[in-house]
Amino acid sequence: MNQNVRKRREIEDYLATIQFLSEGTNDTFFVWDIKTGQIYFSEDVYEKYPLPFHGGEGNTLQECEAIVFERDREQFMSQMKLIADGKEESVNMQFRLVEKEGNKQWVTCRGKSRMDGQYDPVWMLGRISSGELRQKVDLLTGLFNVDKFMEDMQMCHDRGASGYLMILGIDNLKNINIKYGREYGNYVLKKVTENLEEVITSAGNIYRLDGDCFAIMLPNAEQEKVAELYGVIRKNVADYCTVSAGSAFCSPSCNEDCSLIYQYAEDALDRAKKEGKNMLRFFSRDSYEKRLNTLRLQEELAQSVQDGCEGFYLCYQPFINNHDFSLWGCEALLRYASPSRGKMSPVEFIPLLEDTELICPVGEWVLQRALEQCREWRKWMPNFHVNVNVSYVQLRKEGICERVLELLRRSGLPGSALSLEVTESMQLEDYQYFNDIFFRWKMAGINIAIDDFGTGYSSLGYLKSIVADEVKIDRCFVTDIQRGSYDYKLLGNVIELAHSAEIKVCCEGVEKEEELMVLQELEPDVIQGYLFGKPCEKEEFETQYVR
Ligand code: C2E
Ligand code: CA
Ligand code: CA
């Protein structure tokens, strides 16, 4: 039999087979005659894709390339070339085909070649399937979704690949949606997608994660390359939005599983957002550990609060009258004995309590304890006075005004036994709201003290807007006051001004005799500091100062 005839028969056999196969599934089958370059498809392909039909003849590789989405063509052609050159015997690739209506559709294409001898490929038999990836594509952007991302990450990891993972987030997408409507939000997502596809040239390495985030896998990339890519993306999308990104390195020697790498990149993204958005941050082990540590402490604190503020206790620091150095009262200062890390300073845990609003129940607990203590000590010192710190988070909480008054009433103490310290640095922008609360407290006899005075930015103006009875001048103005004339003058003016408005002045943080000597010339009313006593627990305070 003539060789050509034999070949024709073979082709017809193949065609019958692929036609038969394709009728049982939604997939498309093909035979590639590598020697002639002709590719024969099962007929369904011509209904779906704009591939020229030559009446039973095959199509050229170039005709096929034309229905592959532009961005994926390079990868498609290079894989086909590997087969044609006999360098690979099988392919398993993913690319997008453009349908007749212009829609892009992700497909998987698997195929295996038949060799003549060892290196001479003759045929390839293949199957193109769109069903497999349908569940893994994000409908809005046409990118792969988070499921596919996790799979691919795992695959890269198993293959021992290394490179960077970048998670890119659109800044303030929620606000964009609210301001301009969801339609526009979607438009921004699509625009960012387009831009990403332009910049990240290897197909299928971009994924849309939930909401406003994209993942980009950058195999073999260097850190500088990642930063450069981010810079280009940021510039290209600038007309629509700003973007933040976090990136983490992943290599087989990292020994971490891929969900952890994802977490690392997300952590870096969180940091980029926290630090002001519109920037790229690389994962840092240190800040990650710190955050984990914080989260654990937060959990511990929450548990303690749930257990009736177990582990919290108060220390008391004396206040001294400046004119005769007699004891005026104390400031109640919160402490925490953590089950895992022992005694902790409030500077470490109060911000965490504030972040989670746990400061509200804890603050009430402090107030109640401090009032109880004050009442007990009043048995020895009838005019004993207690200062309690109130966080701005507590002040913002509805009902705070009444709850404080209720706790005072239950303690049986007169309001004049209590000062509530609020910090100036809390930027009380809503003076009216706070003044209403302070005013009602003052009606009950409670003193309002402004803490850390001088550290905020509006110190003096502030005195006019807030109904305060007392200011506590921050330690930084007091430290080494004997050395500088500027601080001395400033402090003198502040004290004079306060006094002229009948506001009492307390100087915090007096540690040295020299400081005290100079301060006395300025005549503050009350002094607090290590020189007179450090904060100490109830028993010690009692024996040292009360009895
Ligand atoms: P603060 O209200 O300014 O309290 C004074 C802090 O200065 C205390 O630190 C005290 O120990 C320290 N101090 C007093 N005299 C001296 C001194 O002479 N030298 C030095 N170097 N330090 C001195 P502490 O107890 O660590 O408290 C830190 C901060 O934690 C407090 O600053 C306050 O803002 C906050 N805090 C403490 N207890 C509570 C609380 O019950 N509720 C709220 N919301 N905040 C609290
Ligand atoms: Ca204070
Ligand atoms: Ca203070």
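For ligands, and for the atoms within them, numbers begin at 1 and follow the listed sequence. For this chain, numbers begin at 1 and follow the sequence in order.
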query: What atoms in ligand 1 come closer than 4.0 Å to a heavy atom of Asp451?
result: 1 (P), 2 (O), 3 (O)
Numbered atoms of ligand 1 (with element) below 4.0 Å of Arg475, judged on heavy atoms: 19 (N), 20 (C), 21 (N), 22 (N)
- prompt: Does the side chain of Arg271 come within less than 4.5 Å of Ser284's, by heavy atoms?
  reply: yes
- prompt: So, does Asn195 use its side chain to make a donor-acceptor pair with the main chain of Lys191 at under 3.5 Å?
  reply: yes
- request: Decide yes or no for Met344 and Leu297: does some side-chain heavy atom of the first lie under 4.5 Å from some side-chain heavy atom of the second?
  value: yes
message: Could you identify the single nearest non-hydrogen protein atom to atom 38 (N) of ligand 1 and state the distance to 0.1 Å?
response: Leu334 N, 3.0 Å
- prompt: So between Asn389, Asn387, Val362, whose heavy atom ends up nearest atom 33 (C) of ligand 1?
  reply: Asn389
field: Under-4.0 Å protein heavy-atom contact, atom 4 (O) of ligand 1
entry: yes
Ligand 1 to Glu354 polar contact by distance, N or O atoms, under 3.5 Å: no
Side chain Glu515, main chain Glu511, donor-acceptor under 3.5 Å: yes
query: Counting each atom of ligand 1 from 1 as listed, which ones have a heavy atom of Val366 under 4.0 Å away?
result: 41 (O)
- line: min-distance protein heavy atom vs atom 19 (N) of ligand 1 -> Glu511 OE2, 2.5 Å
- prompt: Centroid-to-centroid, Tyr180 to Tyr187, below 6.0 Å?
  reply: no
task: Given ring pair (Phe, Tyr, Trp, His ring centres under 6.0 Å), test Phe532 with Trp328 step by step and report yes or no.
output: CA-CA 12 Å; Phe532 295 99; Trp328 186 72; over 10 Å; no
- prompt: In the protein, what heavy atom is nearest to atom 18 (O) of ligand 1, and what distance, to one decimal place, separates them?
  reply: Tyr530 N, 2.7 Å
- prompt: With sequence neighbours left out, which residue pairs that include part of residues 316-341 fulfil the salt bridge (charged side-chain N to carboxylate O under 4.0 Å, His left out) condition?
  reply: Glu331-Lys472
- prompt: Under 3.5 Å, N or O to N or O, is Ile350 touching ligand 1 that way?
  reply: no
statement: For Pro535, the atoms of ligand 1 under 4.0 Å from one of its heavy atoms are 11 (O)
- request: May I ask whether Arg335 places a heavy atom under 4.0 Å from ligand 1?
  value: yes
query: Can you tell which of Thr479, Val388, Leu333, Leu367 gets a heavy atom nearest to atom 8 (C) of ligand 1?
result: Leu333
field: Atoms of ligand 1 close to Ser391 [distance to a heavy atom under 4.0 angstrom, numbered from 1]
entry: 44 (N)
- line: The option among Glu508, Gln317, Gln528 carrying the non-hydrogen atom nearest to atom 15 (N) of ligand 1 is Gln317
message: Whether the side chain of Asp525 engages the backbone of Val505 through a donor-acceptor N/O pair (distance < 3.5 Å, no angle test) should be reported.
response: yes
field: Qualifying residues under salt bridge (Lys or Arg N to Asp or Glu O under 4.0 Å), relative to Arg475, sequence neighbours excluded
entry: none
message: For a distance under 3.0 Å, give residue and atom name for each protein N, O or S atom next to the Ca ion (ligand 2).
response: Glu331 OE2, Asn389 OD1, Glu421 OE1, Asp451 OD2
- request: Measure Lys512 to ligand 1 on non-hydrogen atoms and call it side chain, backbone, both or neither using the 4.0 Å cut-off.
  value: neither
query: Can you check whether Tyr313 reaches Lys538 side chain to side chain, under 4.5 Å on heavy atoms?
result: no
message: Please check: side-chain N/O of Asn278 versus main-chain N/O of Thr242, any donor-acceptor pairing under 3.5 Å?
response: no
task: List every atom of ligand 1 that sits less than 4.0 Å from any heavy atom of Asp452, numbering the atoms from 1 in the order shown and giving each element.
output: 3 (O)
Heavy atom of protein inside 4.0 Å of atom 27 (O) of ligand 1, strictly below: yes
query: Could you give all pairs that pass the side chain to side chain donor-acceptor pair (under 3.5 Å) test and reach residues 298-309, with sequence neighbours left out?
result: Glu300-Ser338, Glu300-Ser340, Gln303-Asp307, Ser304-Tyr336
Ligand-side contact atoms (ligand 1) for residue partner Pro346, heavy atom cut-off under 4.0 Å: 24 (P), 25 (O), 26 (O), 27 (O), 28 (C), 30 (O), 37 (C)
statement: Shortest non-hydrogen pair, Phe439 vs Val467, comes out as N-CG2, 4.4 Å
- request: Measure the OG-OH distance between Ser244 and Tyr230 for me, rounded to the nearest 0.5 Å.
  value: 5.5 Å
Any non-hydrogen protein atom less than 4.0 Å away from atom 23 (C) of ligand 1: yes
Parallel, tilted or perpendicular, as decided by the 30° and 60° cut-offs, for the rings of Phe249 and Tyr164: tilted
- request: Classify the angle between the aromatic ring planes of Phe149 and Tyr262 as parallel (below 30°), tilted (30 to 60°) or perpendicular (above 60°).
  value: perpendicular
